[in-house]
There are 2 protein chains.
Amino acid sequence: MVKNKRKKTRMTKQRKAILKVLKSTKSHPTADWVYEQVKEEIPNISLGTVYRNLNVLAEMGKIMVLDYGSTYSRYDGNPENHYHFKCLECGRVYDVDIPVKESLNKEVNENTAFKVTYHRTEFYGVCPECQNKN
Amino acid sequence: MVKNKRKKTRMTKQRKAILKVLKSTKSHPTADWVYEQVKEEIPNISLGTVYRNLNVLAEMGKIMVLDYGSTYSRYDGNPENHYHFKCLECGRVYDVDIPVKESLNKEVNENTAFKVTYHRTEFYGVCPECQNKN
DNA sequence: CTATTTGCAAACGCTTTGCCTGATT
DNA sequence: AATCAGGCAAAGCGTTTGCAAATAG
């Protein structure tokens with residue numbers, strides 16, 4: 001379940017383009033959005049390829065998959081652990097620029113029988129744009 | 001998107017049974033597991049009804065939906081905010097008994113433009129059962 | 001009584017996969 | 001040359017939904 005069966009990984013132009021799109025945005029796009037973007041560079045790329053590569057890139061640790069509470073996954077070009085904020089009104093996902101609390105892991109390790117390696121935190125509320133809309 | 005259009009809510013035997021199952025376990029079952037359990041009491045209940053009621057109960061605030069990083073959602077009979085732990089080996093989800101850090105919300109509210117109402121945290125690692133397996 | 005809920009099954013929508021051709025090393 | 005990746009389309013799969021019949025209040 002947590003296997004790491006990496007095989008040879010070719011850097012095809014599709015894979016490169018997908019990674020570039022993801023690295024070039026601060027947003028946390030869906031697979032479909034990535035697909036639309038990459039199509040401008042490689043018009044005949046297929047959605048299946050986008051999905052396959054998003055998974056490969058995630059396995060390689062170059063991107064991060066965010067699948068909190070939604071039907072479709074979002075992808076983050078920044079694989080460093082960081083917190084996210086999801087707007088309850090518009091659904092957009094943002095980065096939260098506060099340091100990750102490593103101390104939380106320690107707290108759990110010391111107080112429970114679990115062996116924690118990392119944690120994810122997502123904040124919910126209203127984003128600046130939606131605050132201004134009302 | 002965050003509306004609360006509650007209408008009259010009937011407490012049908014199906015709804016009651018689903019809630020009871022969810023309240024009676026400390027695990028965080030999938031819809032399908034709930035379905036199987038409730039079938040023992042109401043053999044002809046349909047999966048669609050289970051899904052519908054899980055959603056209604058969540059809207060009513062009586063249960064909680066956990067849809068972190070997985071193809072299917074898990075449901076939690078305890079609607080109080082609390083932390084979870086997901087085992088990277090077996091996929092099981094557990095409760096983590098440390099207090100919720102409300103201070104995190106404050107930290108974000110004071111340092112960003114977001115208006116945070118709550119946050120969710122999930123820890124990842126290896127559960128006691130899987131630690132012993134190796 | 002009548003608006004809500006159920007059962008059933010079909011529809012949905014995102015994601016994965018099989019197959020075969022094309023590209024990479 | 002051998003293997004990995006892509007394109008296409010079909011399949012998968014958890015979840016949602018339309019509809020007529022049942023039922024709670």
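All chains are named by letter (A, B, ...) in the order of the sequence lines, taking the proteins before the strands, and each is independently numbered beginning at 1. Hydrogens, waters and symmetry mates are skipped; everything else that's a heavy atom, side chains included, is used.
- Between B:N53 and C:dT5 there is no side-chain N or O to OP1 or OP2 distance below 4.0 Å.
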For residues 37-51 of chain A, which side-chain N or O atoms pair as donor and acceptor with protein atoms under 3.5 Å away, sequence neighbours left out?
from	atom 1	to	atom 2	distance (Å)
A:E41	OE1	A:K20	NZ	3.0
A:S46	OG	A:T49	N	3.3
A:S46	OG	A:T49	OG1	3.1

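- Residues forming a side chain to side chain donor-acceptor pair (under 3.5 Å) with A:Y35 (at least two apart in sequence, or on another chain): none.
- Ranking D:dT15, C:dT16, C:dT15 by closeness to the A:N55 side chain, first place goes to C:dT16.
- Within 6.0 Å of NZ on A:K23 lie more than 12 heavy atoms contributed by other residues, nucleotides or ligands.
- The ring-ring contact (aromatic ring centres under 6.0 Å, His included) check on A:F114 picks up B:F85, B:Y94, with sequence neighbours excluded.
- Ranking D:dG6, D:dT15, C:dT16 by closeness to the A:Q14 side chain, first place goes to D:dG6.
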Q) Taking protein heavy atoms under 4.0 Å as touching, what does nucleotides 18-25 of chain D look like 5' to 3' if B marks base contact, S marks sugar-phosphate-only contact and - marks none? A) B----BBS

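- Both B:A31 and A:I42 lie near DNA chain D, and the one whose nearest nucleotide falls closer to the 5' end is A:I42.
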Q.
Show, in sequence, the C-alpha distance, side-chain angles and deciding distance for A:D95 and A:H84, and conclude whether the side-chain contact (heavy atoms from CB on, under 4.5 Å) test is met.
A. CA-CA 5 Å; A:D95 287 332; A:H84 291 102; 3.4 Å; yes

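- For A:K39 and D:dG7, the NZ to C1' distance is 13 Å, given to the nearest whole Å.
- The shortest distance between the side-chain N/O atoms of B:S73 and the OP1/OP2 oxygens of D:dT15 is below 4.0 Å.
- A 4.5 Å side-chain heavy-atom check between A:L54 and A:I63 finds at least one atom pair inside the cut-off.
- For the residue pair A:N81 and A:H119, no side-chain donor N or O sits within less than 3.5 Å of a side-chain acceptor on the partner.
- Between the OH atom of A:Y51 and the C1' atom of D:dG7 there is a distance of 16 Å, rounded to whole Å.
- Listed by first then second residue, pairs satisfying side-chain hydrogen bond (donor to acceptor under 3.5 Å, both in side chains) with a partner in residues 107-118 of chain B read A:K101-B:E107, not counting sequence neighbours.
- Remark: A:T49 is not in phosphate contact with D:dA5, judged by side-chain N or O atoms under 4.0 Å from OP1 or OP2.
- With axes fitted over five pairs at each extremity, the angle between the ends of the helix from C:dC1-D:dG25 to C:dT25-D:dA1 is 40° (10° resolution).
- Note on B:N44: only backbone sugar-phosphate atoms sit closer than 4.0 angstrom, heavy atoms only; bases stay farther off.
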